[in-house]
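Reminder, nothing fancy here: chain letters follow the sequence lines and each chain counts from 1. All figures in this text were calculated on a predicted structure; none of them were measured in a lab.
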Protein chains: 2
Amino acid sequence: MTPMKEDYLKIIFELGGTHKKVSNKQIALSLNVAAGSVTEMISKMTEEGLAVHVPYSGISLTKKGVRAAEELVRKHRLWEVFLVEKLGYSLADIHDEAEQLEHVTSDRMINALDEMLGNPTHCPHGGIIPDRSGHYHEDSHQVLNDAKDGDIVTVDRFIDNHDLLTYLGELKLDIGDQVKVLKHDPFEGPVTVQNLTDDTELIVSYKAAHYVFVK
Amino acid sequence: MTPMKEDYLKIIFELGGTHKKVSNKQIALSLNVAAGSVTEMISKMTEEGLAVHVPYSGISLTKKGVRAAEELVRKHRLWEVFLVEKLGYSLADIHDEAEQLEHVTSDRMINALDEMLGNPTHCPHGGIIPDRSGHYHEDSHQVLNDAKDGDIVTVDRFIDNHDLLTYLGELKLDIGDQVKVLKHDPFEGPVTVQNLTDDTELIVSYKAAHYVFVK
DNA sequence: CAATATTTTTTGGTTCGCCAAAAAAATGCA
DNA sequence: TGCATTTTTTTGGCGAACCAAAAAATATTG
Ligand SMILES: [Fe+2]
Ligand SMILES: [Fe+2]
Ligand SMILES: [Fe+2]
Ligand SMILES: [Fe+2]
């Protein structure tokens, strides 16, 4: 198992490789590699029993692959909690550091870290942390953009992309905030919401409104 | 800068590359690589201004190389403190984990970790932790084997090799213990000492007695 | 001061991951 | 259905780091 192989595994998992087939192109785009590199890496992962590949059709994970991916998500998110809680990092800076740490973390280390942090259930972006046995179930599915005008919702989870987080930070929109949806502009225009927590009005871009989960 | 290059740098530093020339063979032996691989890697490090290489004579570090090596030693040792203090690891298990972590640790991260740990000055094996600006000076130089029969000395530092630490753990010889040297057997035989801390008699192998520093 | 032994460098070759471009297959649409 | 577009796979090649074995340089020693 190598860092790049681990990243392929994790990305297939995140793209839905547990329950559906993921395309070569999606993987190539997500990892910023050429399509040919994906074909090659996937064939190795197939030999190792981590993935199933039907040529020209798509890629999905085996049980073993899913288990390994959960383990990585667990490591990634626990390190994120550590960076925020213990080292005073801000939300936008933790992802890249955790991306490195996850690949050099033994089972023993991650379990000790988990305990030290008090067995947290969510990462700082609101994602669920799989437990020791890999149980994992992302819970919020509604996206801010899907909320109707007039709805009052609670911000629950962010996709952890650095630029998005920086943008949301500037907007002062945090996890846990209650917001009232005021209006959706047409033609993929922004969503205007009122943050009830500090009573300010925010204009959230169409794209960002798809990366903010609410309930 | 790559993990392997970093390990070359650190080993040259530890073999004395700051003040003298280190041989190709020493490096190859320490890193378990072929001599040819060392020649190759060193030539890259020379191009990058990290090392100075006089063919057939030896290798030493430039100022830049020394600075980078100190940074790595600092990262390595701070992670070791973390593993013991925060995650409950034992002395013998920390080196290999720290060996991985050191290569994925940003300056920001290590400084935050340093602060979180209360700016420790020594790693769990008794080695000095260079400060933020890289100041570093290993202080104890006398080795257990050099102490004369009858001397009473304090155990100060161990070379952090897993097998050595396991052996010393079985012997119940810890850093801080006061011991009285009883006798040196001839022909590279063991050193017999009395541990004044718990009043037991220990027989320490000739080789191990070179890896235990005292004052 | 040779002759031998050791150390170092050079050479030729491997594997791993990556890429660009060509070829093949699947898909979309007219 | 048939042609064009998109996606995927295949091919040929590259750089990094490794090795084993050959060649060159240095060191030891009788
Ligand atoms: Fe993340
Ligand atoms: Fe990663
Ligand atoms: Fe160590
Ligand atoms: Fe290392």
| task | Give a yes/no answer on whether the side chain of B:Tyr8 brings an N or O atom under 4.0 Å of OP1 or OP2 in D:dC18. | result | yes

| query | Rounded to the Å, how far apart are B:Glu40 CD and D:dA16 C1'? | reply | 8 Å

| Nearest-Å distance, CD1 (A:Ile42) to P (C:dC16)? | 16 Å

| remark: Residue pair A:Ala35/A:Pro55 against DNA chain C: nearer the 5' end by closest nucleotide is A:Ala35

| query | Can you tell me if the side-chain N/O atoms of A:His53 get under 4.0 Å from OP1 or OP2 in D:dT9? | reply | yes

| field | Distance-only donor-acceptor check, side chains B:His184 and B:Asp149, under 3.5 Å | value | yes

| Stepwise ring-ring contact (aromatic ring centres under 6.0 Å, His included) check, B:Phe13 with B:Tyr136 | CA-CA 12 Å; B:Phe13 180 82; B:Tyr136 174 96; 5.2 Å; yes

| message | Using ring centroids (six-membered ring only for Trp), state whether B:Phe82 and A:Phe82 fall under 6.0 Å. | response | yes

| message | For a quick check under 3.5 Å, do A:Asn111 and A:Arg74 share a side-chain donor-acceptor pair by atom type? | response | yes

| remark: Heavy atoms of B:Leu15 and B:Ser30 approach each other most closely as CD1-OG, 3.9 Å

| request: Please determine if B:Arg108 and A:Glu97 form a salt bridge, counting it only when a charged side-chain N lies under 4.0 Å from a carboxylate O. | output: no

| request: Round to the nearest Å and state the distance from A:Lys44 atom NZ to D:dT10 atom P. | output: 14 Å

| Rounded to the nearest Å, what distance is computed from the CG atom of residue A:Asp7 to the C1' atom of nucleotide C:dG17? | 13 Å

| task | For A:Ala34, answer base if it contacts any base atom (sugar-phosphate contacts may also be present), sugar-phosphate if it contacts only those atoms, and nothing otherwise; contact means non-hydrogen atoms under 4.0 Å. | result | sugar-phosphate

| request: In whole angstrom, give the distance that lies between atom CE of A:Met41 and atom P of C:dC19. | output: 13 Å

| field | Under-4.0 Å side-chain N/O to phosphate OP1/OP2 contact, A:Thr39 with D:dT9 | value | yes

| task | Could you work out which one of D:dA17, C:dG17, C:dT9 sits closest to the side chain of A:Met4? | result | C:dG17

| remark: Among the nucleotides D:dT10, D:dA25, C:dG17, whichever has the atom closest to the side chain of A:Lys5 is C:dG17

| request: Figure out the OH/C1' separation between B:Tyr56 and C:dT8, and round it to whole Å. | output: 5 Å

| request: Using a heavy-atom cut-off of under 4.0 Å over every strand shown, decide if B:Val33 touches base, sugar-phosphate, or nothing. | output: sugar-phosphate

| task | With the side chain counted from C-beta on, respond yes when B:Leu101 and B:Lys75 share a heavy-atom pair under 4.5 Å apart, and no when they do not. | result | no

| request: To the nearest Å, give me how far apart CD (B:Glu6) and P (D:dA17) are. | output: 11 Å

| message | Quick check on D:dA17: is either OP1 or OP2 less than 4.0 Å from any side-chain nitrogen or oxygen of B:Ser37? | response | no

| request: Would you mind reading off the distance between A:Glu47 atom CD and C:dC16 atom C1', rounded to a whole angstrom? | output: 13 Å

| said: Give the residues of residues 16-27 of chain B touching DNA chain C, defined as any heavy atom closer than 4.0 Å, sorted by residue number. | reply: B:Ser23, B:Asn24, B:Lys25

| remark: For A:Ala208 and A:Leu164, the nearest pair of non-hydrogen atoms, with its separation, is CB-CD1, 3.8 Å

| For A:Asn32, which contact category applies under a 4.0 Å heavy-atom criterion: base, sugar-phosphate, or nothing? | sugar-phosphate

| Given C:dA26, is OP1 or OP2 found less than 4.0 Å from the side-chain N or O atoms of A:Ser57? | no

